[in-house]
Q: 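Handing you this structure, nothing more for now.
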2 protein chains.
Amino acid sequence: MADHVSGKRLQRAELARRTGCNLETIRYYEKTGMMPDPPRTASGYRVYDDAHISRLRFILRARELGFSIEQIRGLLDLVDGGTQTCAEVKERTEQHLADVRAKIADLKRIEKVLAATAAQCSGEDIPECPVLEALAS
Amino acid sequence: MADHVSGKRLQRAELARRTGCNLETIRYYEKTGMMPDPPRTASGYRVYDDAHISRLRFILRARELGFSIEQIRGLLDLVDGGTQTCAEVKERTEQHLADVRAKIADLKRIEKVLAATAAQCSGEDIPECPVLEALAS
DNA sequence: CCTTGAGTCTGTAGTTGCTACAGACCGTAG
DNA sequence: CTACGGTCTGTAGCAACTACAGACTCAAGG
């Protein structure tokens with residue numbers, strides 16, 4: 001398998017290596033239709049090319065940014081349909097941004113409670129514990 | 001079922017109502033050993049009392065604060081064992097606090113990227129989209 | 001007394017987003 | 001030619017629930 005130049009016709013492990021994606025996850029994305037079914041060798045091995053790398057990177061990047069599979073599927077539909085408008089994508093992104101901000105707010109609330117509770121702890125070797133009391137109250 | 005006074009001998013739906021917990025989740029917590037198997041009536045109906053309410057509230061509160069089931073199981077072991085020390089609980093709480101803060105940091109990074117990307121959008125009805133390009137890059 | 005409707009019981013399947021097998025192939029280096 | 005790795009498939013597992021189906025029980029109304 002001479003691919004000493006730039007990535008053409010690689011197989012699964014190599015695609016995984018280049019994208020940092022788990023081996024099995026690639027198959028999962030194919031099964032769920034986010035990645036296209038790749039062509040196969042005569043013996044059934046998957047063969048990938050640069051387009052697959054790009055699409056997988058797109059998916060992984062979107063996952064990193066916290067988009068759900070369903071949301072990414074939506075983004076990919078826009079891309080694939082070729083009918084995407086900036087307005088549509090912007091709206092989805094901003095919706096997602098709002099979700100992320102809500103999540104941050106939630107976690108900050110939690111942080112505050114945890115910090116306040118932990119601060120009450122003597123840290124000593126005694127059975128009374130304000131954390132447990134706070135949880136039980 | 002006279003329980004006009006304070007909660008004694010309630011059944012599942014009532015426990016759910018008082019704690020805000022989903023009906024099925026209670027059964028799940030029992031199955032996974034976080035809640036004790038409650039006594040039953042002759043015909044097999046579960047019967048709960050105030051101790052069950054407290055314990056369920058403890059679990060739900062800890063879940064709200066983002067503790068995993070496994071972590072809560074740990075906290076409950078400390079409580080149940082009676083051997084808990086404030087030092088142990090404090091340490092777990094602070095570990096969890098660190099996790100929460102890491103999560104906040106992650107989300108803030110994501111927020112920044114999303115906000116910057118969305119800001120580039122014209123919001124117009126054209127097919128070029130900086131968000132998709134950012135994801136694809 | 002009997003029916004009706006609501007509550008409860010059990011086990012099991014679905015959810016999301018993967019991850020990890022088992023057992024059967026394939027392909028290449030020694 | 002054989003050994004060792006990679007690949008193939010389908011399926012089961014993870015967290016943490018949630019939602020059934022089908023059987024049972026219980027209290028109230030007629």
Side-chain angles (χ1 to χ4, degrees), chain A residues 1-3 9-35 37-48 52 55-76 96 99 103 106 110, chain B residues 1-4 9-35 37-48 52 55-56 58-76 96 99 103 106 110:
Chain A
M1 260 124 244
D3 88 303
R9 344 217 113 256
L10 17 116
Q11 48 192 135
R12 202 148 59 105
E14 182 62 11
L15 177 59
R17 202 189 56 73
R18 293 208 192 179
T19 55
C21 183
N22 177 291
L23 203 58
E24 299 292 316
T25 304
I26 296 170
R27 202 154 65 90
Y28 169 73
Y29 286 153
E30 285 164 14
K31 199 169 51 188
T32 55
M34 313 183 62
M35 289 288 286
D37 281 355
R40 306 287 184 121
T41 65
S43 57
Y45 283 26
R46 290 167 177 81
V47 182
Y48 300 99
H52 293 102
R55 193 178 180 95
L56 184 50
R57 288 216 175 110
F58 183 104
I59 295 167
L60 294 173
R61 182 106 184 85
R63 287 291 299 138
E64 259 179 51
L65 292 179
F67 284 95
S68 74
I69 293 293
E70 225 24 69
Q71 289 170 326
I72 296 173
R73 211 188 292 280
L75 293 173
L76 288 171
H96 184 50
D99 291 350
K103 214 165 211 170
D106 276 0
I110 289 163
Chain B
M1 263 139 237
D3 88 305
H4 45 288
R9 343 219 113 252
L10 17 118
Q11 48 191 131
R12 201 148 59 104
E14 182 64 11
L15 177 59
R17 201 188 57 73
R18 292 207 191 179
T19 55
C21 183
N22 177 292
L23 202 60
E24 299 292 318
T25 304
I26 295 170
R27 202 155 64 91
Y28 169 74
Y29 287 153
E30 285 165 13
K31 199 169 51 188
T32 56
M34 313 184 63
M35 289 287 288
D37 281 355
R40 306 286 185 122
T41 64
S43 58
Y45 283 26
R46 289 167 179 81
V47 182
Y48 300 100
H52 292 102
R55 193 178 181 96
L56 184 50
F58 183 103
I59 295 168
L60 294 174
R61 183 108 184 84
R63 287 292 298 137
E64 260 178 50
L65 293 180
F67 285 94
S68 75
I69 294 293
E70 226 21 70
Q71 288 170 326
I72 296 172
R73 211 188 292 280
L75 292 174
L76 288 170
H96 184 50
D99 292 350
K103 214 164 212 170
D106 277 359
I110 289 163

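Note on naming: letters A, B, ... go to the chains in the order of the sequence lines (proteins, then strands), and numbering restarts at 1 for each one.
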Q: L23(B) has an atom CG; how far is it from atom P of dA19(D), in whole Å?
A: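 Between P of dA19(D) and CG of L23(B): 10 Å.
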
Q: Just N and O in the side chain of R40(B): are any of them under 4.0 Å from OP1 or OP2 of dC24(D)?
A: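 No, R40(B) has no side-chain N/O under 4.0 Å of OP1/OP2 on dC24(D).
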
Q: Check whether any side-chain heavy atom of Q71(A) lies under 4.5 Å from a side-chain heavy atom of D99(A), and answer yes or no.
A: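 Yes, close enough: below the 4.5 Å cut-off.
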
Q: May I have the distance from L10(A) (atom CG) to dT7(D) (atom C1'), rounded to whole angstrom?
A: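 After rounding, the gap between these two atoms is 15 Å.
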
Q: Without decimals, in angstroms, what is the distance between M35(A) CE and dC18(C) C1'?
A: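 Going from CE in M35(A) over to C1' in dC18(C) covers 15 Å.
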
Q: For I26(A) and dA20(C), give me the distance from atom CD1 to atom C1', rounded to whole Å.
A: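 Answer to the nearest Å: 15 Å.
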
Q: Nearest heavy atom decides the nucleotide; on that basis, is T25(B) or R46(A) closer to the 5' end of DNA chain D?
A: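 In this pair, the answer is R46(A).
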
Q: Once you round it to whole Å, what is the distance between P of dT16(C) and CG of N22(A)?
A: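 The distance from CG of N22(A) to P of dT16(C) comes to 20 Å, rounded to the nearest Å.
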
Q: Can you see which heavy atom on I26(B) is nearest to which on C21(B), and at what distance?
A: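 That would be CG1-SG, 3.9 Å.
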
Q: Give F67(A) one of three labels, base, sugar-phosphate or nothing, depending on what nucleic acid heavy atoms sit under 4.0 Å from its own.
A: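 The residue F67(A) makes no contact with any strand.
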
Q: How would you label the contact of S68(A) with the nucleic acid (heavy atoms, under 4.0 Å): base, sugar-phosphate, or nothing?
A: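 Since only primed, P, OP1 and OP2 atoms lie under 4.0 Å of S68(A), the category is sugar-phosphate.
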
Q: Want to settle it: does R27(A) or A42(A) sit nearer the 5' end of DNA chain C, counting the closest nucleotide to each?
A: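 Between the two, 5'-proximity favours R27(A).
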
Q: Taking the nucleotide of DNA chain C with the closest heavy atom to each, which residue, E24(A) or T41(A), is nearer the 5' end?
A: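 So the residue in question is E24(A).
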
Q: Does dC25(C) have its OP1 or OP2 closer than 4.0 Å to a side-chain nitrogen or oxygen of S43(A)?
A: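 S43(A) to dC25(C) OP1/OP2: no side-chain N or O under 4.0 Å.
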
Q: Minimum heavy-atom separation for R46(B) to E30(B), with atom names?
A: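 Scanning both residues, the minimum pair turns out to be NE-OE1, 2.8 Å.
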
Q: Figure out the CG/P separation between L15(A) and dT7(D), and round it to whole Å.
A: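 Nearest whole value for this atom pair: 11 Å.
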
Q: Could you state the interatomic distance from CE (M35(B)) to CD1 (I59(B)), rounded to the nearest 0.5 Å?
A: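 Atom-to-atom, M35(B):CE and I59(B):CD1 are 5.5 Å apart.
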
Q: Check whether any side-chain N or O of Q11(B) sits under 4.0 Å from OP1 or OP2 of dT8(C), and answer yes or no.
A: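 Yes, Q11(B) has a side-chain N/O under 4.0 Å of OP1/OP2 on dT8(C).
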
Q: Short question: side chain of R57(A), backbone of T19(A) - any donor-acceptor pair under 3.5 Å?
A: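 No, R57(A) side chain to T19(A) backbone: no donor-acceptor pair under 3.5 Å.
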
Q: If the cut-off is 4.0 Å, is Y29(A) near the phosphate of dG17(C), judged by side-chain N/O to OP1 or OP2?
A: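 Answer no for this pair, as no side-chain N or O of Y29(A) is under 4.0 Å from OP1 or OP2.
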
Q: Can you check the E70(B) CD to dC14(D) P distance for me, whole Å?
A: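 E70(B) atom CD is separated from dC14(D) atom P by 12 Å.
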
Q: Any donor-acceptor pair under 3.5 Å joining the side chain of Y45(B) to the base of dG7(C)?
A: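 Yes.
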
Q: Roughly how many Å is it from OH in Y28(B) to P in dC14(D), rounded to a whole number?
A: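 Result: 10 Å.
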
